[in-house]
Structure formats: C-alpha cells, structure tokens
Amino acid sequence: MTRDAILRAAVECLVDVGYSGLTTTEVTKRAEVSRGAMHHHFANRAELVSALIDHVLHRRLEFFLGDDTSSIESADPEDFIAHGAQVHWDCVQLPEYAAYVELAVAARTDKELAALLVPATNAFDREWAEEMEKVFPQWEQRREAMQLASDFVAAVHLGLLVNRPFMGNPERRSAVRDQLVKLIETIYEQADR
C-alpha cells in the first residue's frame, strides 16, 4: 500500500509541477510517508522514475482492459471502432496519461530519463498491440491496419489533449473525434481490399 501511495503521489507531482519538480522529498510529502518508507521502496529518484514509468504505462492498459470489452467481439465495425476510440479517449483523461506526457516531453532533453522511458515505452507498445488483438478480434487479418489505426487514435487524442487550451470549444474537439472514428472505419474497410 505504501508503494502504491508513493506512485500515486509521484503521478500527482508530475501533473502538478512537471518532471523538474519531481523529487523524492516532494513525493514523500505528498504521499504522507516517512523518508525511511520512501527509501525502503525507492532508494533514489532514478528507481522512483523507473517504477513510475511502468506504473503510468500499465495503468492506462488496465483502465482500457477494465472497460466492458466483452461486447466488442461480436460488434459491427461502427460499434467496436467507436467504442474503442471512446475508451481510449477516456484513458488519456487519466492523471497517469498526463504524467506520461510530462515524462515524454522531459525525455526529449534528459538523456537519463530517455534511457528509461524509450525501452519501457517500446515494450509497452508491443504489449498494447498484443492486448488489442485480443480485445478486437475483428482486426485479426488486418494487423498492419490495426497498428495504423491505433497510431492515428493515439496521435489525435494526444493532439486534442495538448491543444485543449487552444481548442476550448468541446464541440470542436468532439467533431475531431467523430472524424477520427470515420477515418478508422475507412482504414478497417480498406484493409479488406
């Protein structure tokens, strides 16, 4: 429980003050644990960051898989694509996703962070693809198309999230998300050809 409290506090810290403000002292304070408890679980900031990367990546997958995905197997393309896009959109609303974005941006200029984040993200990407093949059997013969669709969804949702302050109108964001679903439907249909 202490480890989970520390990781939740680290997510909160990343979201509130960014990567530069992520210190073991700040996380200890936010988690309301002793320095000894912090060091018992994470000897230093690097260990905390490594565990945090794993936590934020897998929390997204857990959230996605926690949705009622059993109805997707027999759904029509319109239904399973729209449902999947909505669940992914819900995933990017999580604090863990905001924390991931903070880590990704910081990794552009922090070589030590990049050395931790890039391999973890690559491994997560493979795991995500494997799980999506199970959740969306409709894409079974369309693996490359499914990867393309997944990449489009991730890119558009990230763009909408980052640009939310500039695209303040919810109807505008909703229109983009509606077009995204239509694009994914087109990718799905064209994969049959």
Side-chain angles (χ1 to χ4, degrees), residues 11 14-15 52-108 113-114 116-193:
V11 166
L14 268 175
V15 172
L52 181 58
I53 289 168
D54 185 60
H55 174 77
V56 299
L57 291 173
H58 288 93
R59 176 67 180 112
R60 289 174 46 212
L61 186 58
E62 289 170 8
F63 182 88
F64 192 94
L65 296 176
D67 190 73
D68 181 19
T69 55
S70 60
S71 63
I72 290 175
E73 289 183 26
S74 60
D76 293 329
E78 290 177 5
D79 295 334
F80 82 79
I81 289 170
H83 180 73
Q86 180 60 52
V87 175
H88 188 273
W89 177 246
D90 294 343
C91 285
V92 301
Q93 307 302 309
L94 295 173
E96 288 84 0
Y97 190 77
Y100 167 74
V101 171
E102 290 294 332
L103 290 167
V105 170
R108 288 180 49 249
L113 175 58
L116 295 171
L117 185 63
V118 171
T121 302
N122 289 338
F124 173 76
D125 190 48
R126 289 188 298 276
E127 184 179 355
W128 180 272
E130 289 171 9
E131 291 300 327
M132 293 308 102
E133 287 177 16
K134 294 174 192 171
V135 171
F136 297 105
Q138 298 90 337
W139 291 93
E140 185 176 17
Q141 302 302 315
R142 305 168 173 94
R143 286 193 172 130
E144 287 182 28
M146 184 181 74
Q147 184 63 57
L148 178 62
S150 180
D151 290 345
F152 263 106
V153 169
V156 170
H157 285 169
L158 175 61
L160 287 173
L161 195 65
V162 169
N163 288 299
R164 183 179 293 179
F166 316 110
M167 295 176 67
N169 182 337
E171 290 82 23
R172 187 174 169 193
R173 292 191 306 271
S174 182
V176 171
R177 290 178 42 237
D178 290 345
Q179 288 302 310
L180 175 63
V181 169
K182 289 178 184 176
L183 174 64
I184 301 309
E185 290 170 356
T186 300
I187 291 171
Y188 180 82
E189 291 163 7
Q190 288 180 349
D192 277 340
R193 296 180 189 163

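From a predicted model like this one, the values you see are computed outputs, not experimental measurements.
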So, taking the atom named NE2 in His55 and the one named CZ in Arg60, what distance separates them when rounded to the nearest 0.5 Å? 12.5 Å
Mind checking whether Phe80 and Tyr188 have ring centres under 6.0 Å apart? yes
CD1 on Ile81 to CD1 on Ile187, rounded to 0.5 Å: 9.0 Å
Quick one: do Lys182 and Glu185 make a salt bridge, cutoff under 4.0 Å? no
Counting C-beta onward and ignoring hydrogens, is there a side-chain heavy-atom pair between Leu180 and His157 closer than 4.5 Å? yes
Short side-chain to backbone donor-acceptor contact, Thr121 and Leu117, under 3.5 Å: yes
With side chains defined as the heavy atoms from C-beta onward, is the minimum distance between Arg173 and Asn169 less than 4.5 Å? no
Could you tell me which non-hydrogen atom of Val15 sits nearest to which non-hydrogen atom of Ala98, and how far apart they are? CG2-CB, 3.8 Å
Heavy-atom side-chain proximity of Leu183 to Val156 below 4.5 angstrom: no
Whether Arg143 and Glu133 form a salt bridge (side-chain N of Lys/Arg under 4.0 Å from carboxylate O of Asp/Glu) is what I want to check. yes
Are any of the side-chain heavy atoms of Leu160 and Trp89 separated by less than 4.5 Å? yes
So, taking the atom named CG in Leu103 and the one named CG in Leu113, what distance separates them when rounded to the nearest 0.5 Å? 5.5 Å
Quick one: are Val181 and His83 in side-chain contact, heavy atoms under 4.5 Å? no
Any side-chain donor-acceptor pair under 3.5 Å between Glu96 and His58? no
Look at the side chain of Arg142 and the backbone N and O of Gln138, then say whether any donor-acceptor pair between them is shorter than 3.5 Å. yes
Do Leu158 and Tyr97 come close enough that some side-chain heavy atom pair is under 4.5 Å? yes
